[in-house]
Amino acid sequence: MINNLSNLKIEAVNSSHINSLCEIEEEVNLKNPWSKRAFLDELNKDYAYYYVAKQENIILGFIGIWVVVDECHIVNLAVKKAFQKQGIASILLKKVLETIKKYNLSLITLEVRESNLAAQRLYEKFGFKKIALRKNYYSDYQEDGLIMSLSF
Ligand SMILES: CC(C)(COP(=O)(O)OP(=O)(O)OC[C@H]1O[C@@H](n2cnc3c(N)ncnc32)[C@H](O)[C@@H]1OP(=O)(O)O)[C@@H](O)C(=O)NCCC(=O)NCCS
């Protein structure tokens, strides 16, 4: 359980965080966890922005986005299981919404597993709408992907 959300620090990801991000991935994304290489590749993209949520130097969650032309795409978002349902993903999403203000974007998009109701509820709370279905988008379990978007 998190002590106090006000102690939570949000900071840009650097290479020293990668092992912790992989641990979170292995915990929450059992079907297809991102590798260390995948995270390092992301850090080298000048259009990618990743943030971690930390408390007392322990990384509890992270979010990654791409900003391309006038659109933002949420690439990944995860919170350590023991710290879920305490508002951490919401704080990370708010950080992203704050970060992208300066880009004057028209749209944020993301894909989410059809079975992932927790994430769908979270995005809906922020005003995202389901706009399309991608058949078999998640090839690991032949699961459909919902595309959700928030327009400005
Ligand atoms: C989805 C996820 C990031 C949510 O993180 P979180 O820190 O628990 O989310 P928050 O505490 O900020 O929750 C905000 C809202 O999301 C929704 N929500 C979160 N977890 C939920 C759950 N288990 N069931 C239903 N709704 C849920 C609720 O609407 C919640 O608002 P409320 O607390 O007022 O009810 C987290 O469950 C997770 O890491 N899941 C595994 C990875 C994943 O699915 N990532 C998203 C990929 S698209």
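Atom set for the values below is all heavy atoms of this structure, side chains included, hydrogens, waters and symmetry mates excluded.
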Step by step, work out the side-chain contact (heavy atoms from CB on, under 4.5 Å) result for I18 and L43.
CA-CA 10 Å; I18 302 286; L43 291 197; 3.9 Å; yes
Basic-acidic side-chain contact under 4.0 Å: K80, E27
no
Are I131 and Y137 joined in one hydrophobic group, where the rule is that I, L, V, M, F, W and Y side chains link up if heavy atoms are under 4.5 Å apart?
no
Contacts of type side chain to side chain contact (heavy atoms under 4.5 Å, CB included), residue A53, not counting sequence neighbours:
L8, I10, I88, L92
Could you tell me whether the side chain of Y123 reaches within less than 4.5 Å of the side chain of L77, counting heavy atoms only?
yes
Residues passing the side chain to side chain contact (heavy atoms under 4.5 Å, CB included) test with E143, sequence neighbours excluded, are K31, R113, E114, S115, Y138
Using the rule that two of Ile, Leu, Val, Met, Phe, Trp, Tyr join whenever any of their side-chain heavy atoms come within less than 4.5 Å, decide whether L110 and I108 are in one cluster.
yes
Are V28 and L117 connected in a single hydrophobic cluster, I mean Ile/Leu/Val/Met/Phe/Trp/Tyr linked by side-chain heavy atoms less than 4.5 Å apart?
no
Who are the ring pair (Phe, Tyr, Trp, His ring centres under 6.0 Å) partners of F126, not counting sequence neighbours?
none
Got a sec, which residues hit salt bridge (Lys or Arg N to Asp or Glu O under 4.0 Å) with D70, two or more places apart in sequence or on another chain?
none
Residues in salt bridge (Lys or Arg N to Asp or Glu O under 4.0 Å) with E124, at least two apart?
R121, K130
Work out which heavy atom in A119 is nearest to a heavy atom in V112; give both atom names and the distance.
CB-CG2, 3.8 Å
Donor-acceptor pairs under 3.5 Å, side chain of residues 144-152 to any protein atom, not counting sequence neighbours: which ones?
{"residue": "D144", "atom": "OD1", "partner": "N136", "partner atom": "N", "Å": "2.9"}
{"residue": "D144", "atom": "OD2", "partner": "K135", "partner atom": "NZ", "Å": "3.1"}

Go through the structure and list residues passing side chain to side chain contact (heavy atoms under 4.5 Å, CB included) with Y103, not counting sequence neighbours.
Y49, V67, I100, L105
Apply salt bridge (Lys or Arg N to Asp or Glu O under 4.0 Å) to E42 and list each qualifying residue two or more places apart in sequence or on a separate chain.
K45
For the student: nearest non-hydrogen atoms of S35 and C22, plus distance:
C-SG, 3.9 Å
N14 atom CG: more than 12 heavy-atom contacts under 6.0 Å:
yes
State plainly whether one hydrophobic cluster holds both L97 and V13, where clusters connect Ile, Leu, Val, Met, Phe, Trp and Tyr through side-chain heavy atoms under 4.5 angstrom apart.
no
With sequence neighbours left out, what residues match K101 under side chain to side chain contact (heavy atoms under 4.5 Å, CB included)?
E98
Could you measure the distance from the CG atom of N116 to the CD atom of E111? Nearest 0.5 Å is fine.
13.0 Å
In one Ile/Leu/Val/Met/Phe/Trp/Tyr side-chain cluster, 4.5 Å: I59, L40
yes
With a 4.5 Å heavy-atom cut-off, do L93 and I63 have their side chains touching?
yes
Residues clustered with L107, ILVMFWY side-chain links under 4.5 angstrom:
none
How far does CH2 of W66 sit from CD1 of I74, to the nearest 0.5 angstrom?
13.0 Å
Under the ring pair (Phe, Tyr, Trp, His ring centres under 6.0 Å) test, residues paired with F39 that sit two or more places apart:
W34, F62
By side-chain hydrogen bond (donor to acceptor under 3.5 Å, both in side chains), T99 pairs with (sequence neighbours left out) Y51
Got Y141 and N32 here, is their nearest side-chain heavy-atom distance under 4.5 Å?
no
